[in-house]
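Reading through the structure tokens given below for one structure.
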Protein chains: 2
Amino acid sequence: MTAPERISKRNAIRQEMEARILSAAEKVFAEAGFGGATMQLIADMAGLPKANLHYYFATKEELYRKVVRQIFEIWLHAADSFDNAPGPVEGIGAYIDAKMDISRRHPFGSKVWASEVMHGAPVIQDYLETTLREWTSGRAALIQRWIDEGKMAPIDPRHLLYMLWATTQHYADFGHQIETLNGGRALSDRQWKAAKDSVKAIILKGIGAI
Amino acid sequence: MTAPERISKRNAIRQEMEARILSAAEKVFAEAGFGGATMQLIADMAGLPKANLHYYFATKEELYRKVVRQIFEIWLHAADSFDNAPGPVEGIGAYIDAKMDISRRHPFGSKVWASEVMHGAPVIQDYLETTLREWTSGRAALIQRWIDEGKMAPIDPRHLLYMLWATTQHYADFGHQIETLNGGRALSDRQWKAAKDSVKAIILKGIGAI
DNA sequence: TCGTTTTCTGACCGTATGGTCAAGATCACG
DNA sequence: CGTGATCTTGACCATACGGTCAGAAAACGA
């Protein structure tokens, strides 16, 4: 694919810089939205002058686009757990686990994605229409197969997928609300496990897989 | 409660103006976020000069606050269907129906709320800590009672509530994504009904209520 | 070491935004 | 009809923002 880049101090610096900027940008975009985020704030959080930030990412939109695609890639990868599963209990169970873990580990990315979609997906509409559409069709077909094989109740696969996305991402996107209702404290390890188990229990039982 | 306002041309104009502005603001805030929304755009959409908009709502934040509280009130009202229900099938079923209807009827308000919470609820944090916290505790207790009475499986009531919120609001907040995956067309009456039925079927069965 | 390329940075610029203001238009009411 | 209150509006202002640029500093390859 890409030519194997020479290892040099320059390349190392570049990689580390881009990662630091992307991380800062993810956080700022998540907390302020695209419109509310400022290049100055991102630069400050990444610890470099604004002009230097513009050297690595020419425009705000280019930086934003990179951030959005990053979380999308992570989610696509998480769906691997879906495949090669003998049935819904393993496949959907593993998918819920994976998506819940991502919600905990990448709450900012999830929020940026949510914000992007809510605003009409101006930047990643093409992804929705190609990659996501194909992905969804494929998994819907897989779920339908499970239904045909009698491994779960006859449920519209698409609405099930929406439910999986909604429920798992809610713990990232509405994390602040959940935290507030949890007495102002972030969910503990134990509570995250309880959340995962609740979600899995209700959905797997709800689709007649257990 | 409030003193019965005299009916005059002025009062009528004021009410109609405020409603028109709030409606326009809801849409603009939903589509651009608080930071991306401009008073000029809201004014244009409401059909009046920007200076006149500032006459009715002194600051952007004041206008935004009104919009956020509006959707919150609507949701609180929808929860009435929860009460006075003999059991989870009726109570939760009616709640899902109500919230799904709101998602269809007020998608902009839902998005504004989601955006607000995602950004750390800077404007309605007090609501979260008072009204919402009380509301949640009350419903959680009600669900627990149903569990104790053997009307449903023993599930953490809070995670069930999160699931209800997540799933129903997803159809508003991620409506654009759903529309794209639906071939670019908004969900039809029939499809909305299918969505409602799917959600209700999975959750009610998942909690062992049916 | 020397010339070239890449990286860094303070100063700067045009524009758009939230908000103000003063003067005019419209309405309420005695 | 006249007077005060409410409403409307174009012009205006200070600020903050995204983005530019010229030149300094550092890294590279020979």
Side-chain angles (χ1 to χ4, degrees), chain A residues 2-22 24-29 31-68 112 115 119 122-123, chain B residues 3-22 24-29 31-68 112 115-116 119 122-123:
Chain A
T2 55
E5 302 207 342
R6 292 212 53 243
I7 300 176
S8 65
K9 191 162 180 182
R10 277 193 183 152
N11 279 336
I13 287 181
R14 175 147 218 133
Q15 283 206 347
E16 201 227 306
M17 273 309 203
E18 287 185 353
R20 219 164 74 204
I21 292 170
L22 282 171
E26 182 178 288
K27 193 168 179 179
V28 173
F29 281 133
E31 287 176 351
F34 179 81
T38 70
M39 294 298 266
Q40 186 64 64
L41 207 66
I42 294 171
D44 290 348
M45 186 152 298
L48 41 74
K50 194 182 66 161
N52 200 8
L53 173 59
H54 270 99
Y55 171 75
Y56 284 100
F57 296 90
T59 68
K60 186 180 174 185
E61 192 177 319
E62 180 191 331
L63 177 53
Y64 174 75
R65 184 177 281 120
K66 284 263 169 66
V67 170
V68 173
V112 175
S115 196
H119 296 354
V123 161
Chain B
E5 303 207 340
R6 290 213 53 243
I7 299 175
S8 65
K9 190 163 183 183
R10 277 199 181 147
N11 279 336
I13 286 180
R14 174 147 219 134
Q15 284 207 345
E16 202 227 306
M17 273 308 203
E18 287 186 352
R20 217 163 76 202
I21 292 171
L22 282 171
E26 182 178 288
K27 192 168 181 180
V28 173
F29 281 132
E31 287 176 351
F34 178 82
T38 70
M39 294 297 267
Q40 186 63 64
L41 207 65
I42 295 172
D44 289 349
M45 186 153 298
L48 40 73
K50 195 183 62 161
N52 200 7
L53 173 58
H54 272 99
Y55 172 76
Y56 284 101
F57 297 90
T59 68
K60 188 180 173 184
E61 192 178 318
E62 181 192 330
L63 177 53
Y64 175 75
R65 181 176 284 119
K66 283 263 169 66
V67 170
V68 173
V112 175
S115 196
E116 164 70 7
H119 297 354
V123 161

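Every chain is numbered from 1, with letters handed out A, B, ... down the list of sequences.
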Legend entry - Considering all heavy atoms, the nearest Val67(A)-Ala25(A) contact: CG2-CB, 4.0 Å
Legend entry - Integer-rounded Å distance: dG18(C) P and Tyr64(B) OH: 14 Å
Inset, instruction - Please state whether the phosphate of dT6(D), meaning OP1 or OP2, lies under 4.0 angstrom from any side-chain nitrogen or oxygen of Arg14(B). - result: no
Legend entry - From dG19(D), dG10(C), dT9(D), nucleotide with atom closest to Ala51(A) side chain: dG10(C)
Legend entry - Contacts of Tyr64(A) that satisfy ring-ring contact (aromatic ring centres under 6.0 Å, His included) - sequence neighbours left out: Phe29(A), Phe34(A)
Inset, instruction - Output the distance between atom CG (Leu63(B)) and atom CD (Glu26(B)), rounded to the nearest 0.5 Å. - result: 10.5 Å
Legend entry - Rounded distance in Å - CG (Leu53(A)) to P (dT7(C)): 15 Å
Inset, instruction - Using whole Å, report how far CG of Asn52(B) lies from C1' of dA25(C). - result: 12 Å
Legend entry - Atom pair CG/CE of Leu22(B) and Met17(B) - distance to nearest 0.5 Å: 12.5 Å
Inset, instruction - Let me know the distance between CD1 of Ile21(A) and P of dC8(C), rounded to the nearest Å. - result: 9 Å
Inset, instruction - Rounded off to whole Å, could you give me the OH-to-P distance for the Tyr56(A) and dG18(D) pair? - result: 20 Å
Inset, instruction - Give the nucleotide from the list dG19(D), dT6(D), dT7(C) with an atom nearest to the side chain of Tyr55(B). - result: dT6(D)
Legend entry - Nearest-0.5 Å distance, CG of residue Asp44(A) to CG of residue Leu53(A): 10.0 Å
Legend entry - Pairwise side-chain hydrogen bond (donor to acceptor under 3.5 Å, both in side chains) hits with a residue in residues 47-61 of chain B, at least two apart: Glu61(B)-Arg65(B)
Inset, instruction - Using atom CD1 of Ile13(B) as one end and atom P of dT6(D) as the other, report the distance to the nearest whole Å. - result: 14 Å
Inset, instruction - Report the distance from atom CE of Met45(A) to atom CD of Gln40(A), rounding to the nearest 0.5 Å. - result: 12.0 Å
Inset, instruction - Please determine, for the side chain of Lys50(A), which listed nucleotide (dT8(D), dG19(D), dT6(C)) has the closest atom? - result: dG19(D)
Inset, instruction - Figure out the CD/C1' separation between Gln15(A) and dT7(C), and round it to whole Å. - result: 16 Å
Legend entry - Contact residues, residues 31-49 of chain A to DNA chain C [heavy atom, < 4.0 Å]: Pro49(A)
Legend entry - Between dC12(D) (C1') and His54(B) (NE2): distance, integer Å: 14 Å
